[in-house]
**Student:** 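Take this structure first; my questions come after.
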Amino acid sequence: MKKELIRLVDCTMAFDGEIVLNAINLTIHNKEFLTLLGPSGCGKTTTLRIIGGFETPTSGSVLFDGVRINEVPPHKRRVNTVFQKYALFPHLNVFENVAFGLRIPQSVPVTEGGKTRQKKVRLQEAEIGQRVQDALELVGLKGYHRRRVHQLSGGQQQRVAIARAIVNRPQVLLLDEPLGALDLKLRKEMQHELKEIQQQVGITFVYVTHDQEEALTMSDTVVVMNQGNIQQIGTPVDIYNEPVNAFVADFIGESNIIQGVMHRDNDVSFAGKRFLCVDSGFDPDQPVDVVIRPEDVRLTAPKDGQLRGTVNSVTFKGVFYEIYVDVGELEWMVHSTAAPKVGDEVGLCLTPEDIHVMDRPDLFPEGAEALTIEDIDPEPDFEDKYVDEEPPEAEL
Amino acid sequence: MRRSRVPGRVLQALVAVFLYAPILVLIFFSFNSDKSRVSFKGFTLDWYKRLFENEQVLSALSLTLILALLSALIATVIGTVSAVGIYNMKKRPRKILLALNNVPVVNPDIITGVSLMLVFVLFVTFLRSLGVGAGLGFTTLLIAHVTFNIPYVILSVLPKLRQLNKNTYEAALDLGANPLRAYMRVILPEIMPGVVSGAIIAFTMSIDDFLISYFTTGTSVQTLPMRIYSMTRKRVSPEINALSTLMFVTVLALLIIINILQARDQKKKERRL
């Protein structure tokens, strides 16, 4: 088992009385690539800022190597951050940006005549130079050290930000949607590079994103969050194949979520039919959510299908067609390489393994407002608190 | 339909004449060899020479420059620190403080001058009652100038702070800098253009001031504008034309520097986009 590095215990965060994080518990292991995934305002950035030391939780503890660090300021933590908008220092060139952390004198305990005292030590210029060059090479920016920051493209600035953080050899690197501002192709490249960098330097990465594909591609562990709560923690495969509730199922990939009733083990009914399934352990006749991935539905001739419907729309998506089929009261999404015509009658077929039955969460706890999945907007995350409140004023 | 441009041009010319003609007349007559203020008799630099031989004018000039430099320096330090403080405040107290900051800017100088004088007199009387010799003079003048300069520095630095990426300061902390180092190494260089133009504005405001200085100085200490004023009480000597020309040129030069700085800053920003 991997060594535990960071642990959040019952961490609650409230801004002006509004709860942003609701008593979350999270363990981050050494050398792990962990992703905090969730829609805008789910608390993922706040969690990252708590680990970085920029926010102190309203209640609960943050443990680093078993030591409580709630009150330790950011500049004394062995954690470095790559910020969403890079936050490079524009007045310094690439070299000096990366060297910034190395130029800060470090307190080192020195034993002199039996007494131990703290002494400020500066790194030698030669060592700084070497480490900066190594870091720039690692992120593929060898030879760029003399450039001004504003002469670099977005992707290059991102790399400088990563180099500037890892050159300090932190135990944990925090990344706050670092690829959010890049175009799709560059983002894909950077995903692989980030993963490679993480394996090369062998440190823990805690990565925040709202992009489920990014999370599945890079992570060892994915933490799905919503409305200040952790929904599920697991490997990408677990999260995709065994979502614990309809929210996770819907957020990770596309899903059809249908309300049904679990009569007994391996026997569920939905869409007006009874189906054989592989799930068990529910109360008799318990209301449940049934999740079916669009790629698991097979289209057949109408007479061969377990369900019948009319094709409402067909959209070409490259590898497959996205087809919406009207099945009585519900519209199903189906991914298929075959393209029926709009208005065609089709049959839908499911195998027992395709049917995922899950507890229907109590979406209407006492006094709480109704929450539906449609309310959640998985759009780029500028968590309101960190957005500038005012536009800059005109100059004098 | 194309409208004639003539009326606009005429208006522009009139505005320019009204604005600059008096100054041009002044500069013109500063080179007049005759004492007359009506007829030009020939070119001379005599008045400038006489000016630099005038002990009283020279001491007033050096006092004004020292006062302007010192007050600009002190006001820039206090103003910059205050701007950072105001920037980090919560919205409501910040709004209130900014409104208060604008009061001295719009307040008539004469009121600022009289009220400062009252405070100084009160304080000096108190010190004298303790047996400490004190009076109005350079110190009170300096305090007064620092006081009216601070708001201009704040107004010049704040917009620069607002332009900062909010994460820049956090990034410096994150890399291990303590808050002081983060401000000195990262925030200060970023807001430097605002700090410099604030200092220059403060410097020119200080040179320019007559009213507040008049009320807050003692009998022995005279700034240049006060010196000029007392010289004109007898008659306007061409020396004053020469002196005023020099002051105008100095202030103009500083204004040009501010403009160049701002233009350069603007260009830098555009390149960054």
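In the text below, chain A, chain B and the rest are named by the order of the sequence lines, each starting its count at 1. Because the structure is predicted, anything quoted here is derived from the model rather than measured.
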**Student:** Applying side-chain contact (heavy atoms from CB on, under 4.5 Å) between B:Thr223 and each of B:Leu65, B:Thr217, B:Leu141, report the one that passes.
**Tutor:** B:Leu141

**Student:** What side-chain hydrogen bond (donor to acceptor under 3.5 Å, both in side chains) pairs are there with at least one residue in residues 68-80 of chain B, not counting sequence neighbours?
**Tutor:** B:Ser71-B:Asn149, B:Ser71-B:Ser206

**Student:** Chain A heavy atoms under 4.5 Å from B:Asn178: which part of the residue, side chain, backbone, both or neither?
**Tutor:** both

**Student:** For B:Ala172, is it the side chain, the backbone, both or neither that has a heavy atom under 4.5 Å from a heavy atom of chain A?
**Tutor:** both

**Student:** CG/A:Asn93 to CG/A:Leu152 distance, rounded to the nearest 0.5 angstrom?
**Tutor:** 10.0 Å

**Student:** Quick one: which of B:Leu158, B:Val186, B:Leu161, B:Asn165 has the most heavy-atom pairs under 4.5 Å with chain A, could you say?
**Tutor:** B:Val186

**Student:** Tell me, for A:Asn168 versus chain B, whether the close heavy atoms (under 4.5 Å) come from the side chain, the backbone, both or neither.
**Tutor:** side chain

**Student:** Between B:Tyr229 and B:Tyr214, how do the two ring planes meet: parallel, tilted or perpendicular, split at 30° and 60°?
**Tutor:** perpendicular

**Student:** May I have all residue pairs that pass salt bridge (Lys or Arg N to Asp or Glu O under 4.0 Å) and include part of residues 246-257 of chain B, sequence neighbours excluded?
**Tutor:** none

**Student:** Not counting sequence neighbours, list each pair that qualifies as a salt bridge (Lys or Arg N to Asp or Glu O under 4.0 Å) and has a residue in residues 147-166 of chain A.
**Tutor:** A:Arg159-A:Glu193

**Student:** Parallel, tilted or perpendicular: which fits the ring planes of A:Phe89 and A:Phe100, with parallel below 30° and perpendicular above 60°?
**Tutor:** tilted

**Student:** Which residues in residues 126-137 of chain A have any heavy atom lying under 4.5 Å from a heavy atom of chain B?
**Tutor:** none

**Student:** Answer yes or no: is there a side-chain heavy-atom contact under 4.5 Å between B:Leu142 and B:Ile74?
**Tutor:** yes

